[in-house]
Amino acid sequence: MHQNPLYERILGLSTPWFVSHVDLDEDSGLVEVQVECEASASLCCPRCGQPSPRYDKRRRQWRHLDTCQFQTQVVANVPRVRCPEHGCLTIQVPWAEGNSRYTALFEALVIEWLKEASIQAVSRQLQLSWTAIDGIMKRAVKRGLAARTSPDVRFLSVDETAFRKGHDYVTILSNHQGQVVIVEDGKSADSLSQCYLALTEAQRASIESVSMDMSPAYRKATFAHVEKAHRKIAFDHFHIAQALNDALHATRKSELHAVDASLRRAAHQSRYAWLKRRDRLSERERATLNWLSNQFSNTTIAWYLKEKARKTWKGNRVRGARAAWQEWIRLAKASDIRPVVTVAEQVEEKLWGILNAMRLRVSNGLAEALNGKIRGLRVRAKGYRSKARFKTAILFHFGGLEMTPNPLK
């Protein structure tokens, strides 16, 4: 096959476009494919589609997939038309999208590489600047969002993740499939409100649960935008468990200074054993805790209450859950251990959301796992220059989007 028809097949060209010639510059290692548009072809306005007369043409070039070991670029004098309604506009070429300087096939290659490797590695291997890669990612995300059908928003999770040090955050709204639905700046009530407002009214009406931490800001936004939010907000058990572990740790540290000095080394070494679940303690750890229990009475009580709370959460679904939690709250308050009492007061205040989580059987587990992956993404990229790029990367990697460009036919 002659080289011109070959490249026409590779680029997917059809009338009125054709390859006029192909040049190879071995010194620079560059293949240049010259594409022309038939002079007699009727052209249309790229905005309204109405037939429009030619005005002039502009020379443009696009990087394409390499030909063997040679970098390849497509060059064309692209016609401009004068539309009576929209003025002078450049027509759309079939091998690239919009104002991109890369062919659709080359962008598809970059997108696949970015899914597997860091921006730095892709930049080095494909000889692209970070700005060029950012442009390809932005177009990919925009394309994916435009093509995305309505995501499943029945069971949502809300979490925040740090953009960089200094308490700079973004709010992430994801669904029960682990798909990021929306990303907004900050972690305020307004941040989550913007997420809800980005959904359609029908989508907001379809929401059955919103799993979150006990942030007052997120609660406020959900009450403002989700109907019957008091039946749909679910407080994740991870945050209750974390609060109890923190209370247990604080209690152990306070008692550590009051015990005999001979016990302090063993007590310090046992700090992680106290945080474990009962059924995950080794025989040695169980024996150590039994030995220390007489000297660490408050710590032992805090550990018992931690285990009882876990059993209450896991052992009840709907029936008896409220009574079980109220009994736990009474016991925790009766212990008179300040850190534990503080957690009991939090549980008492947020009991309605805890019961919702148990009734709906939802948690923030997927959102927390997603948060961990996003932190890993930030580390792999060695940080992001701007929050806009960070948000683009989150949607690129975790938005579940179909981002492969489709050249015009």
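Any value given below was found using the heavy atoms of this structure, including those in side chains, with hydrogens, waters and symmetry copies removed.
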Within the structure provided, determine whether [X] and [Y] are in side-chain contact (heavy-atom separation under 4.5 Å).
{"X": "R58", "Y": "N77", "answer": "no"}
{"X": "V81", "Y": "C44", "answer": "no"}
{"X": "D134", "Y": "K138", "answer": "yes"}
{"X": "Q73", "Y": "H64", "answer": "no"}
{"X": "D213", "Y": "F238", "answer": "no"}
{"X": "C37", "Y": "R54", "answer": "yes"}
{"X": "I207", "Y": "Y196", "answer": "yes"}
{"X": "I172", "Y": "S157", "answer": "no"}

Examine the side chains of [X] and [Y] and answer whether a donor and an acceptor come within less than 3.5 Å of each other.
{"X": "Y218", "Y": "T171", "answer": "yes"}
{"X": "T161", "Y": "N371", "answer": "yes"}
{"X": "T15", "Y": "E38", "answer": "no"}
{"X": "T300", "Y": "S297", "answer": "no"}
{"X": "S363", "Y": "H237", "answer": "no"}
{"X": "W303", "Y": "T299", "answer": "no"}
{"X": "N298", "Y": "T251", "answer": "no"}
{"X": "Y7", "Y": "T67", "answer": "yes"}

For the [atom1] atom of [X] and the [atom2] atom of [Y], what is their distance to the nearest 0.5 Å?
{"X": "N175", "Y": "I182", "atom1": "CG", "atom2": "CD1", "answer": "10.5 Å"}
{"X": "Q179", "Y": "F398", "atom1": "CD", "atom2": "CZ", "answer": "12.5 Å"}
{"X": "R47", "Y": "C83", "atom1": "CZ", "atom2": "SG", "answer": "8.5 Å"}
{"X": "Y304", "Y": "L248", "atom1": "OH", "atom2": "CG", "answer": "15.0 Å"}
{"X": "K142", "Y": "M403", "atom1": "NZ", "atom2": "CE", "answer": "15.5 Å"}
{"X": "D279", "Y": "R286", "atom1": "CG", "atom2": "CZ", "answer": "8.5 Å"}

Closest approach of [X] to [Y] (non-hydrogen atoms, all atoms of both residues):
{"X": "R148", "Y": "G399", "value": "NH1-O, 3.6 Å"}
{"X": "F155", "Y": "S209", "value": "CD2-OG, 3.3 Å"}
{"X": "L305", "Y": "W328", "value": "O-NE1, 2.8 Å"}
{"X": "T404", "Y": "A108", "value": "CG2-CB, 4.1 Å"}
{"X": "R60", "Y": "S100", "value": "NH2-O, 3.2 Å"}
{"X": "K387", "Y": "G186", "value": "NZ-N, 4.2 Å"}

Check whether [X] reaches the backbone of [Y] with its side chain - one donor and one acceptor, N or O, closer than 3.5 Å.
{"X": "S211", "Y": "N364", "answer": "yes"}
{"X": "E8", "Y": "P5", "answer": "no"}
{"X": "R154", "Y": "H176", "answer": "no"}
{"X": "D168", "Y": "F163", "answer": "no"}
{"X": "S123", "Y": "L128", "answer": "yes"}

Answer yes or no: are there more than 12 heavy-atom neighbours, outside [X] itself, under 6.0 Å from its atom [atom1]?
{"X": "W113", "atom1": "CH2", "result": "no"}
{"X": "R231", "atom1": "CZ", "result": "no"}
{"X": "E227", "atom1": "CD", "result": "no"}
{"X": "F223", "atom1": "CZ", "result": "yes"}
{"X": "N290", "atom1": "CG", "result": "yes"}

Mutual orientation of the aromatic rings belonging to Y384 and F390 [parallel < 30°, tilted 30-60°, perpendicular > 60°]:
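Taking F390 first and then Y384, their aromatic rings sit tilted (interplane angle of 30° to 60°).
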[X] bridged to [Y] by N-O distance under 4.0 Å:
{"X": "E285", "Y": "K276", "value": "yes"}
{"X": "E107", "Y": "R139", "value": "yes"}
{"X": "K57", "Y": "E36", "value": "no"}
{"X": "D185", "Y": "K391", "value": "yes"}
{"X": "R204", "Y": "E201", "value": "no"}

side-chain contact (heavy atoms from CB on, under 4.5 Å) between L401 and F396: does it pass, once the steps are laid out?
CA-CA 7 Å; L401 304 174; F396 181 91; over 6 Å; no
Proximity of W62 and F106 rings by center, below 6.0 Å:
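Distance test on ring centres: not under 6.0 Å, no.
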List the steps, then state whether side-chain contact (heavy atoms from CB on, under 4.5 Å) holds for E112 with L109.
CA-CA 5 Å; E112 291 306 310; L109 174 69; 5.6 Å; no
Salt bridge (Lys or Arg N to Asp or Glu O under 4.0 Å) contacts touching residues 74-86 (sequence neighbours left out):
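Matches after skipping sequence neighbours: D56-R80.
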For M212 and T222, what are the C-alpha separation, side-chain angles and deciding distance, and is it a side-chain contact (heavy atoms from CB on, under 4.5 Å)?
CA-CA 10 Å; M212 62 178 70; T222 305; 3.3 Å; yes
Let me have the donor-acceptor pairs involving side chains of residues 341-351, under 3.5 Å, with sequence neighbours excluded, atom names and distances please.
from	atom 1	to	atom 2	distance (Å)
T342	OG1	R338	O	3.0
E348	OE1	K333	NZ	2.5

Derivation of the side-chain contact (heavy atoms from CB on, under 4.5 Å) call for R219 and F235:
CA-CA 10 Å; R219 291 204 310 274; F235 295 132; 3.3 Å; yes
